[in-house]
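Worksheet for the structure shown next.
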Amino acid sequence: MLHSTAQTVTPESAVPAAIRATILIVDDSADWRAQAREILQDHGQWHIVGEACDGLQAIRKAEELDPDLVLLDIGMPVMNGLEAAAQIRQTSPRSKIVFVTQENDPEIISAALAAGASGYVRKTHAGHRLLDAMASALRNC
C-alpha cells in the first residue's frame, strides 16, 4: 500500500482574515498599552493598527481604522469604555470589542456585554486569557 507524502500549500491570501486580525488598543495607561503590545508581539496573526488613550479618541480611531478587534478599557477619561463601545458599535459595526479591564463587578460585566462586547478579560488574567478571548470574539461573528 502506498501512502502519499504530498503536502498542500495554502497561499497566505487563502488563510481566513480572522487569522490576521487588526487590533486597536484603547487604555488610558501607557504601561498597559505597552503590556498588551508585548502580549501580542509574538503572535504574527495580530496586527496592531493603532492605540487610543480615552473613549472619544477610541471612537475616532475605530471609525478611521475599522479594526477587526478593539481591546477596550472601561475606566478612562473624557469618555468611559462602556459609552465608547456603544458608539464604536455604530461607527465601526464590523469591529469586535473585547473589554480588558480591572473591573470585576457583575453589574459592570453585564453592562459591558450589553454594550456589544464580544469578550471580557480582567487585566490580572490577560497574560493567559487575552489571546483566547480575542480569537473567540473573532470566531463568533
Side-chain angles (χ1 to χ4, degrees), residues 1 3-141:
M1 181 165 38
H3 289 64
S4 173
T5 58
Q7 294 180 335
T8 303
V9 177
T10 305
E12 187 172 292
S13 61
V15 176
I19 304 269
R20 294 183 315 273
T22 55
I23 312 297
L24 172 63
I25 300 172
V26 183
D27 198 292
D28 58 322
S29 167
D31 289 341
W32 169 250
R33 292 192 312 269
Q35 186 175 353
R37 284 192 308 273
E38 187 174 309
I39 291 169
L40 300 176
Q41 76 184 357
D42 294 330
H43 303 277
Q45 72 269 33
W46 309 115
H47 177 66
I48 299 167
V49 294
E51 295 183 15
C53 61
D54 64 54
L56 188 57
Q57 192 178 58
I59 295 164
R60 291 180 183 148
K61 293 252 183 182
E63 184 174 21
E64 171 191 339
L65 301 170
D66 193 29
D68 296 311
L69 192 62
V70 179
L71 301 181
L72 185 61
D73 188 21
I74 291 179
M76 294 184 294
V78 183
M79 179 184 291
N80 72 45
L82 296 173
E83 295 169 310
Q87 290 191 37
I88 289 169
R89 299 296 309 134
Q90 292 178 6
T91 62
S92 184
R94 186 184 75 75
S95 299
K96 302 296 182 191
I97 297 170
V98 172
F99 280 101
V100 186
T101 185
Q102 298 178 88
E103 300 293 338
N104 195 33
D105 183 309
E107 289 182 19
I108 292 176
I109 295 169
S110 292
L113 297 173
S118 297
Y120 193 96
V121 178
R122 291 196 56 218
K123 287 181 179 178
T124 55
H125 303 291
H128 59 280
R129 292 193 180 153
L130 181 58
L131 297 176
D132 287 341
M134 293 168 60
S136 178
L138 291 170
R139 275 194 305 271
N140 298 323
C141 297

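Model, not experiment: these values are computed from the prediction. Values reported hereafter were calculated over all heavy atoms of this structure, with side chains retained and with hydrogens, waters and symmetry mates removed.
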> Counting distance only, does the side-chain N/O of Q57 pair as donor-acceptor with the main-chain N or O of C53 below 3.5 Å?
Replying inline: yes

> Closest approach of V98 and A137, non-hydrogen atoms and distance?
Replying inline: CG2-CB, 3.7 Å

> Rounded to the nearest 0.5 Å, how far does OG1 of T101 lie from CG of D27?
Replying inline: 8.0 Å

>> Checking the side chain of T91 only, and the main-chain atoms of Q87 only, is there a donor and an acceptor separated by less than 3.5 Å?
In response: yes

>> I'd like to check I39 versus W46 (side-chain heavy atoms, cut-off strictly below 4.5 Å). Are they in contact?
In response: no

> About how many Å separate CD of E38 and CH2 of W32, when rounded to the nearest 0.5 Å?
Replying inline: 10.0 Å

>> Using the side-chain contact (heavy atoms from CB on, under 4.5 Å) criterion, which residues pair with D31? Sequence neighbours excluded.
In response: S29

> Is any side-chain heavy atom of L71 closer than 4.5 Å to a side-chain heavy atom of I23?
Replying inline: yes

> Quick one: which of D28, I48, I25 gives a side-chain contact (heavy atoms from CB on, under 4.5 Å) with R33?
Replying inline: I25

>> Quick check: do V70 and K61 have side-chain heavy atoms less than 4.5 Å from each other?
In response: no

> What closest approach, in Å, do V121 and A133 show between heavy atoms, and which atom pair accounts for it?
Replying inline: CG2-CB, 3.4 Å

>> Could you work out, with side-chain contact (heavy atoms from CB on, under 4.5 Å) as the rule, every residue matching S92, not counting sequence neighbours?
In response: A62, D66, P67, I88, S95

> Got a sec: does the CD of Q41 have more than 12 other heavy atoms crowding it under 6.0 Å?
Replying inline: yes

> What pair of heavy atoms forms the shortest contact from M79 to L56, and how long is it?
Replying inline: CB-N, 3.9 Å

> Quick one: CG on L138 to NZ on K96, what's the gap to the nearest 0.5 Å?
Replying inline: 8.0 Å

> How about V26 and V100: do any of their side-chain heavy atoms sit closer than 4.5 Å?
Replying inline: no

>> Keeping T22 on the side-chain end and D68 on the backbone end, is there a donor-acceptor pair under 3.5 Å?
In response: yes

> Tell me, which pairs form a ring pair (Phe, Tyr, Trp, His ring centres under 6.0 Å) where one or both residues lie in residues 79-127, sequence neighbours left out?
Replying inline: H125-H128

> If you round to the nearest 0.5 Å, how far is CG of L24 from CD1 of I59?
Replying inline: 11.0 Å

>> Quick one, K123 and Q35 - any side-chain contact, counting heavy atoms below 4.5 Å?
In response: no

> So how far is it from L82 CG to L113 CG, rounded to the nearest 0.5 Å?
Replying inline: 10.0 Å

